[in-house]
Every structure is written in C-alpha cells, then in structure tokens.
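Inspection log for the structure reproduced underneath, given as structure tokens.
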Amino acid sequence: MRRVSARVLVLLLAPTVRATRWGAFLAAAGVGLAIVVVPAATTTMLTAEDLVALLRVAAVCGALGAGFLLDDPAARSTATMPTPRPVRHAARAGVILPAVAVWWALVLGVTVAGAEEGIGATLPIGGVTAEAAALGAVALMVAAVRLRGSRAAGVRADGGVAAFPALLVLVMAATVLPRGLALFVSPDSPEWTGAHGRWVVLLAVALAGSFWASVEPTRPLRTPFR
Amino acid sequence: MTAAVVTETRAGVRPGDPRRAMVALAKAEAVRLLRHPVTIAGILLFVGTQLYGWLSAGSDHYPVLQYEDWSKQFTALLTLGGAALVAVNLAALRAHRHGTTAVFDTLVLPAPWRAGAFLLSVLPYSAVVAVLTGGRIGLLAAVPGAAGRPNPFELALYPAAVLLLGAVGVLLARWLRAAIVAPLLLMGLTAVTFAGALPSTPGATWLRWLLPVALEEPPMPLPVDLMARPAGRHLVYVLGLVALVAVAVLAVTGARGRRLTAAGAAGLSVAVLAGSAQFLPMSDAVRAARSTAAERPAEVQTCRRIDQVTYCAFDGFSSWIGGWDGVVRGVLRGAPDDRARQPLVVRQRMSTVDLYADGESSRSAEQAAAAAAAWRRVDARAGTPDAVTVGTRWGDGRSAITFAGLVAYQVVVGRGGPDGSQLCGARGVLVAWLAGQATPTAAAGLHEADATSWGALPFGDPQFPIGLSVPDREAAVALALLNRPAADVAQVVRRSWAELAAAKTSAERAGELFGVPVAPLPPEEERTVCGA
C-alpha cells in the first residue's frame, strides 16, 4: 500500500500543478519581490536592519499567498477517492515547496545583490529564512485546519480566506510582543538566537498541525437504512 | 435568501425605496463588521499595546500630548485600519466567494446601492475608533505628568484613515474580486510608509505626506507652538481621498450621473488642493517661535524655584518640574551638605536640528567644542550661565540618567555644559556614581547605557551638542559602588569629597578610597582623550 501511494504521489504531481490555483500566490509573490527589488534597484542606503525588515515584509507577502495554494474547489468530490488524503496533500506540498523555495531564493538573491557597501554579506540569511518558513507553515496550517473543518461540516470553504487574516493577526501580535517573548528582533540584538529558537518552535508546531489536518476527517457512518 | 427577504420586509422597506433598504443593509453590515474576528483582534492589539505601555510606565509617566496625538497613527493604521480593510473587503466579497452574485440581481437594491451600504457600514466602526483614540488621549491628558495639548486634527486623522482603508476595501472587492489583494495592499502600505520615514529615500518628504499616515518625526518632542506638521491640511487631504474612493466604488458598480461626476470632481479637487497645500513652507510664526525657543528660551519659559534650585520649563512642560526635582535631590543626596546647598539652575532646552540626519554625528572635536560653546552662550544670555540642560523627553531611564549625569557634572566640576568629551579619573567615578544612585529610574538608565555602549559610558542626549562620557575603566568602579549600600558609599564620598572632586586625582586613588580594584590602563594606542 505504501509503495503504491509513493508511485501515485509521483503520478499526481503534474495534475496537481494544473489543478492548483496559482493566481493568489503569484500576486503575493510578485508584491513580495517588488518590495525588495525597488530598494535594491535604487541607490537608497539601507542598513542591515532595514533590509531584514524588507525581507520580513516580503516573507509575510509570500506566506499570505501560500495560504491560498491548498484551496481546491473539487475537494468535496475527491474525498471518496482511493488515494488517501495525506498523499494528495503530499502532492500539493511537493508542488508548493519548490515554487515557494525558488521565489524565496530569488528574494534573497535580489536583496543580497542590491545591498550597498557590502552589507549583503552580513545579512542573517538563515535566521530570516527560518522566520519565512515558520510564517508560511502557519499559513498552510490554518488553511489546512480550515479545509478539514469545512470538510467535516460538509460545506465548501477556502483555506486562504481563513489563513491570511490569521496570519496578519499573528504578524501584528508578533511585532508588539514584549522583550523576552519577541519574535521580530533586530539582527544585532542579543536576543536574536532566543527569538529564532521561538521561530523554530512555531515552525514545528505549524508543521505538526498541518500533518494532523491532512488526515481525512471521518465520521462513523450513520445511515437511515439500518 | 428567505432570511434576507424577511429582514427587509420587517425593516418596512417598500419596493422602489432604495435609500432605506441601503441603510438597513448598512446597519446589518456595520454590526457584522464590529463583531468580525479580524476587527476584534485589531482593536485588542491596539488597546493591548497601549495598556501595556501604560502599565509598564507605572508612575513614571510623562506623556507629551502633541507628540502622543500623532505618534500612534501608524500603529492604528495597521491594527484598526488594517482590520477595516480586510473585514470590509471580505464582507463585500462574500457574495462573490459564495458564488451568489447573480442571485443578488433579483433583489430590490441595485448594485451601486449595495456597494453604498458597504461604504456606510464603515462609519460606526470609525466612530468606535474615534472613541478609542480620543479616550486614549483623554486618559494620557489626565496623567499628572502630562505636558502640552493634543491637536484635534491629528486625533481626527485616526477615524479618517480607518474610513479610507474601509472604503478602499469595498473598492478592491468591487474592482479586483480577489481576497488576496487587500492584505497585499496593507503590506505594500507598510513598506512604503517605512520608505517615506527613511531620510535617504528620494523624495521622502513628498512620499510621506501623500500616504494616509505621515511618519515625520522631529528629533525630539517640541512645545505646541513649534509644531509644523500640516495636520489640518493632511486631514482634509485624507477626507478628499475618502470621497474619491467612494465615488470610484459607485462608478465601478455601474452608477452614473451628473451628481456622481460632480462629487468625484469635488473629491479630486479637495484631495489635490489640500494634498499640495501640505508642502507649503513652514509659517513665519512657527519659524519665529522655533528660533526664539532655540536662541532665547527664557522668553517662552516659566521658572519655578524649589529651595535653592530654579527650574525653567517651556510653556506646557511645568508639570515635569516635580520629576526633575526628584532626580536633582537624588544627586545632591550623595554630595556633602555645603556643596548640595549651593544654588543650581535647570533649564529645559530643545533643538530642531537633527544631528543624525544631517550627518553631524561624526563631528571633529573642535566643531563639538564650538557647538557646546554656542549652546552655553544661549544659557549665558538668559542670565543663567551654568544652567543644567534638560530635554523634552522624560519618564524613561535614558532621559533620567542623561539629566542626572549633567547635574552630577555640575555639582562635581562646578561648570555647566560639557562638550561631549571624556571625564577621566576620580571625577569620572564620582559623576557616574552620583548619577546612578539618584533614582531607581536613573540606575536602570545607567545599566541600559552600559549594555549598549562600548569604550565609555555616555551621559547626554545625542541630539544635543553637550554631554560627557565616562571611560569604561572609571564606569566599572561606579557600577561596582552602585551594588553597595548607598549610605556606606555616601559616607566615603562626603569624607573624601575634596580629593575625589579634584581634577588630578586618578581612578586608582578613587578605587583605593572605596576599596574597589581598578582595571589597568589599556595600551597607549587604545586610550582615549580625556577632556571634560
């Protein structure tokens, strides 16, 4: 069964690319890229802290768009398919992750190349990538949980519409956290390592939540013909 | 569907009466907006951060009202305005998201009127925002240490900006029919507002004031008469934009007509006129008031004497004198009685020159000395040559330790206005200890300055040309003394005051007197010049 699923997964990739609604993600990725391209193209002198702030805004844009990638108008009709839902979600992930990774690499490349006076080399790329990954994972988790809930209730819903407000609220709340719990810290702050520990925890929780939400919500069969 | 028909019948709407149906729909949508999770989260975030700031400030709260009125506009734009943008956008997209847009065409209310209802539904929420932000300023004004007075135009901008973002939410829903656009606009607005706040951005002044909220910060809070933010013109500009967006919503949904065109033209001309009027140069009255406050501060100040200390504060700031006096008494407590009983003058000063933005932070020693001399001449002209400078920020550790350091310098050295150079030897130890032990807030500020500086501990507002710093070697002795009971140290200080306050006494000798080990001098090339 497991080997069959793995083979099915490969077969599913191409149709999943076609079935995924890319519009929202591409719009978000475009805005995110524009936010780093414009300062990189001009000669504006930006510090490492400014550049990290721009990368964060771009990462939030990408995560906002990623929340829409799980939306599937045909989801109700695929619940009865023999291919289990985790496999279908894995196929989605197999399509989403490379796309998001390519976009993020592009954002980082533009930022590093466009930074003035060699600041690009001093940017904490790893830490900011962890933040971006955690934000994206949270968006996917909220979308997956929302889709699972709507599936259980038997109604059609969009994951992205639930994911982006949740993500915005999370980001706003993260910017006002008091010292000691802060998530968005300045790159030269002594709290950088501690904050990134918290980001990794958030990433792990979001991934675990996504896995949980991927399992088909089944209810005991209640038929009137008993 | 049935529910909608029933509701409208109950509201007493007759066919052919779109106005009342629109108001009924606006009421229903307004209630939904107010209890939308995003709206509630936005309000909680705004109120929560304000309450946290309030509670953590405790009794040490000295808000400047003409600074507080506008400085939270950006936070409010993101939390309260962002909530309006997203929630109104989602509400206006509801029919589209559920695939029922076509069904709505069978209702009595034509599309422009339904869009109008969504526009109206933002009004009660912006009234809530007005109450929240007005209440916030009211509470701040009731604080005993409040200074100045708020600008009503700045306060009115909060609900106006929320109204603008709500209207933009409706426009996006009717125009681009995709839920992702509203949050992306919010992120774009965040990035552009920050770009406008950076002085290095080309055309930053223009960009800043064309956005809903302008982050234009004078280097320090200023007295009311010196404020030059075009708050009233900016408010009219934003209201013009609201009118323009509302007309665009109606036009996009199919409304046409002469009245709509006239409204659009009126909105556009108001926005353009008020928008460009924002860039008029500063008025002569403000310019004159600024130069008076900078060069002849005594003319716009009120002085009050508490025992032997005279405090001169700008109009509106006299509520801070009690706070200043606490620090001065704290410093004098550590000095011997004959020194502590000598008269002292404290004068509040301000500067509209941004030392950072003008690239003057890397001035040469001669330039720094000349700037400090010019600063002292202003005090001398006012008849108080050795006045201790205090700024227009108060209530935090930084401002407390800055002021305490300057008071201590005046008490130890007997000369006002050091030019930013280093104070070495026993005097450095004594000044740092006197300042640090003055009040708990000053001690917190000293430790904060210690954590964020290297080489020497600074005492001085970086926006003022005067100040001093104490090298780490001397500062380490003072920090060690602060861990001991203040009374014990004060006893030694009183006994050996003459020796400690003498310019020639070394740090080693001070360490000997207090019984604290002193680090050896750094190698010749790493030593700094002592001069204060």
Side-chain angles (χ1 to χ4, degrees), chain A residues 21 23-32 34-36 38-39 42-47 50 53-68 71 73 116 139 155-158 160-179 188-190, chain B residues 36-53 55-56 74-75 77-80 82-83 85-87 89-90 93-94 96-99 176-195 197-204 359 451-452:
Chain A
R21 295 174 139 196
F25 174 71
L26 288 180
V31 171
I35 284 174
V36 293
V38 173
T42 59
T43 55
T44 314
M45 180 65 206
L46 292 174
T47 60
D50 297 333
L54 284 178
L55 282 175
R56 282 171 175 158
V57 176
V60 174
C61 286
L64 290 171
F68 284 83
D71 285 356
E116 319 275 323
V155 295
R156 196 202 132 188
D158 294 332
V161 167
F164 87 75
L167 191 73
L168 282 182
V169 170
L170 172 82
V171 169
M172 299 276 174
T175 54
V176 298
L177 285 175
R179 201 184 286 185
D188 49 6
S189 157
Chain B
H36 195 284
V38 172
T39 321
I40 294 173
I43 292 177
L44 286 181
L45 277 173
F46 182 75
V47 174
T49 47
Q50 301 310 310
L51 276 183
Y52 179 78
L55 294 177
S56 57
F74 185 59
T75 314
L77 183 81
L78 288 186
T79 53
L80 303 171
L85 176 69
V86 167
N89 185 254
L90 281 177
L93 276 175
R94 199 185 300 125
H96 174 71
R97 286 189 288 122
H98 296 178
L176 291 172
R177 294 186 183 271
I180 185 70
V181 187
L184 289 182
L185 179 77
L186 199 60
M187 299 321 291
L189 197 59
T190 310
V192 176
T193 307
F194 271 119
L198 290 178
S200 62
T201 309
T452 54

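Nothing here was measured: the structure is a model prediction, and the numbers come from that model. To find a chain, count down the sequence lines: A is the first, B the second, and so on, and within it residues start at 1. What you see below is based on every heavy atom in this structure, not just the backbone, and it leaves out hydrogens, waters and symmetry mates.
Ranked by heavy-atom pairs under 4.5 Å with chain B, the first of A/Gly23, A/Gly65, A/Pro178 is A/Pro178. If you tally non-hydrogen atom pairs under 4.5 Å between each of A/Pro165, A/Gly160, A/Gly67, A/Ala28 and chain B, the highest count goes to A/Ala28. Put simply, of B/Thr190, B/Val38, B/Leu90, the one with the most heavy-atom pairs under 4.5 Å next to chain A is B/Leu90.
Scanning both residues, A/Val57 and B/Ala191, for their nearest heavy atoms gives CG1-CB, 4.4 Å. Between B/Leu78 and A/Met172, the closest heavy-atom pair is O-CE, 3.5 Å. When every heavy atom of A/Val161 is checked against every heavy atom of B/Arg97, the shortest pair comes out as CG1-NH1, 3.6 Å.
For A/Val169, the parts sitting under 4.5 Å from any heavy atom of chain B are the backbone and the side chain alike. Both the backbone and the side chain of A/Leu64 come within less than 4.5 Å of a heavy atom of chain B. For chain A, no part of B/Phe194 is nearby; none of its heavy atoms comes within less than 4.5 Å.
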Please list every donor-acceptor pair under 3.5 Å in which a side-chain atom of residues 40-49 of chain B meets a protein atom from a residue at least two apart or in another chain.
unit_1	atom_1	unit_2	atom_2	d
B/Thr49	OG1	B/Leu45	O	3.0
B/Thr49	OG1	B/Phe46	O	2.8

N/O donor-acceptor pairs under 3.5 Å from side chains in residues 178-186 of chain B, not counting sequence neighbours:
none

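Interatomic distance, A/Leu46 CG to B/Thr201 OG1, rounded to the nearest 0.5 Å: 7.0 Å.
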